[in-house]
There are 2 protein chains.
Amino acid sequence: MFSAQNIGKKISEAGIKPSLQRIKIYEFLLKNNIHPTVDFIYNQLVNDIPTLSKTTVYNTLKLFEKQGLIINLIIDENEIRYDAMKNIHGHFKCDKCGKIYDFEYNHMQLEFLGLNHFNILKTELNLKGTCPECNQ
Amino acid sequence: MFSAQNIGKKISEAGIKPSLQRIKIYEFLLKNNIHPTVDFIYNQLVNDIPTLSKTTVYNTLKLFEKQGLIINLIIDENEIRYDAMKNIHGHFKCDKCGKIYDFEYNHMQLEFLGLNHFNILKTELNLKGTCPECNQ
DNA sequence: TTTATATTTGTAATCATTACATTTATGTTT
DNA sequence: AAACATAAATGTAATGATTACAAATATAAA
């Protein structure tokens, strides 16, 4: 499903040279749809690539985002998260356990008032509250 | 329109003792609907209150938020902004000039799929792109 | 006036991110 | 293959927003 070749190809198609580090980082995002932070990604991958630097993770994610391969997710202070899912969806963050859930919504029906002549490039719908597990 | 008494009363109604600092900070948010950062608020008010500490601004805004008097707005990394507008509305941030615009949207028609038994306490709709001024 | 409590203040610590210079890897030319 | 140029990765130091914490000040109560 996500072979190294496929991943490298996707990276190439985004105009990025597929180095080992870049393949591993993108692979991690594709296989783990958990909206990880930079720190989390680094800690997971440093086992695989002992020489990995956190700066590389930062640079790589910034590059991926610039080239449209992933999106970033600013849902709470002091933590940028990353998401390789490219379909439009919303994010729910549980205030108690901190887990982030994806959800679908009827974005086609959304209507914005007073944004004529605005060039909208990104839409973020973030919900907060408590998840079913924490509600019990 | 926003007299010191009215402001003090609103703060009291939120269960907060209306000190000078608290009144000035809330007054600033009410009179300037510009989604300011902590730093901006501090720099504006320190003229008025020369002994003001930035810690007080942080503490006061946190308290206001906890008591539901204001909301915070996390639309970009490294900057929490605050908003005293209590009606539901979205925020558009221009990538070029950085200005944040309010807009209305049809939130009543919004439908979330897969969030049964989730307790939704806050909804944030953030758009990004370029504003008409920067599009020219 | 004492005493207790709440609020404000200033400094130091924390932590995510960025800047920058060095090292390593990759690709090209001769 | 060697020399060179370029790109990518690395490690350390700097930045900047936020928080922790203890001391000082203000407010309220006895």
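A quick note: this is a predicted structure, and the numbers were derived from the prediction, not measured. Note that these values count all heavy atoms, side chains included, but never hydrogens, waters or copies made by symmetry.
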J.: Separation of A:I16 atom CD1 from D:dA9 atom P, in whole Å?
T.: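 These atoms are roughly 11 Å apart.
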J.: Give a yes-or-no answer on whether the side chains of A:H117 and B:N135 include a donor-acceptor pair shorter than 3.5 Å.
T.: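 No.
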J.: Both A:D39 and A:N59 contact DNA chain C. Which one's nearest nucleotide lies toward the 5' end?
T.: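 Here A:D39 is the residue nearer the 5' end.
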J.: Whole-Å distance between D:dC21 P and B:K54 NZ?
T.: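 So the NZ-P distance, B:K54 to D:dC21, works out to 21 Å.
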J.: Both B:V38 and A:I49 contact DNA chain D. Which one's nearest nucleotide lies toward the 5' end?
T.: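 Going by which nucleotide is closer to the 5' end, it is A:I49.
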J.: Given atom CD1 of B:I74 and atom C1' of D:dA17, what is their separation to the nearest angstrom?
T.: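 Going from B:I74 (CD1) to D:dA17 (C1'), I get 13 Å.
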J.: Taking atom C1' of C:dT9 as reference, at what distance in whole Å does atom CD1 of B:I25 sit?
T.: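 So the CD1-C1' distance, B:I25 to C:dT9, works out to 13 Å.
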J.: Select one nucleotide: of C:dT8, C:dA16, D:dT19, the one nearest the side-chain heavy atoms of A:Y58.
T.: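 Looking only at heavy atoms from C-beta outward on A:Y58, the closest nucleotide is C:dA16.
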J.: In whole angstroms, how far is the C1' atom of C:dT9 from the OH atom of B:Y42?
T.: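 Taking atom C1' of C:dT9 as the reference, OH of B:Y42 is at 10 Å.
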J.: Can we say A:E124 and B:K93 salt-bridge, meaning some charged N sits less than 4.0 Å from an Asp/Glu carboxylate O?
T.: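 Between B:K93 and A:E124 there is no salt bridge, as every charged N stays at least 4.0 Å from the carboxylate O atoms.
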J.: Check whether any side-chain nitrogen or oxygen of A:Q21 sits under 4.0 Å from OP1 or OP2 of C:dA25, and answer yes or no.
T.: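 Answer no for this pair, as no side-chain N or O of A:Q21 is under 4.0 Å from OP1 or OP2.
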J.: Using 30° and 60° as the class limits, which term best fits the ring planes of B:H89 and B:H91: parallel, tilted or perpendicular?
T.: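 Judged by the thresholds at 30° and 60°, the geometry between B:H89 and B:H91 is perpendicular.
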J.: OP1 or OP2 of D:dA9 versus the side-chain N and O atoms of A:S53: is any pair under 4.0 Å?
T.: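 No, A:S53 has no side-chain N/O under 4.0 Å of OP1/OP2 on D:dA9.
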J.: On the nucleotide D:dT19, are OP1 or OP2 found under 4.0 Å from the side-chain N or O atoms that B:K62 carries?
T.: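 It does, given that an N or O in the side chain of B:K62 lies less than 4.0 Å from OP1 or OP2 of D:dT19.
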J.: How many whole angstroms separate atom NZ of B:K17 from atom C1' of C:dT8?
T.: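 These atoms are roughly 13 Å apart.
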J.: For D:dA17 and B:T37 - does any side-chain N or O of the residue sit under 4.0 Å from the phosphate oxygens OP1/OP2?
T.: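 Checking D:dA17 against B:T37, no side-chain N or O comes under 4.0 Å of OP1 or OP2.
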J.: Calculate the interatomic distance between B:R22 atom CZ and D:dA26 atom C1'; express it in whole Å.
T.: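 About 12 Å, once rounded to whole Å.
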J.: Please work out whether the ring planes of B:F28 and B:F40 are parallel, tilted or perpendicular, with thresholds of 30° and 60°.
T.: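 Geometry flag for B:F40 against B:F28: tilted rings.
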J.: With a non-hydrogen cut-off below 4.0 angstrom, is A:T56 in contact with a base, only sugar-phosphate, or nothing?
T.: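 Since a base atom lies under 4.0 Å of A:T56, the category is base.
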J.: Atom CG of A:L63 and atom P of D:dA7: how far apart are they, to the nearest Å?
T.: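 Rounded to whole Å, this separation is 13 Å.
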J.: For DNA chain D, whose closest nucleotide is more 5', that of B:T55 or that of B:N78?
T.: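 Result of the comparison: B:N78.
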J.: Please verify the inter-ring angle class for A:H107 with A:Y105; under 30° counts as parallel, over 60° as perpendicular, anything in between as tilted.
T.: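 Correct class here is perpendicular.
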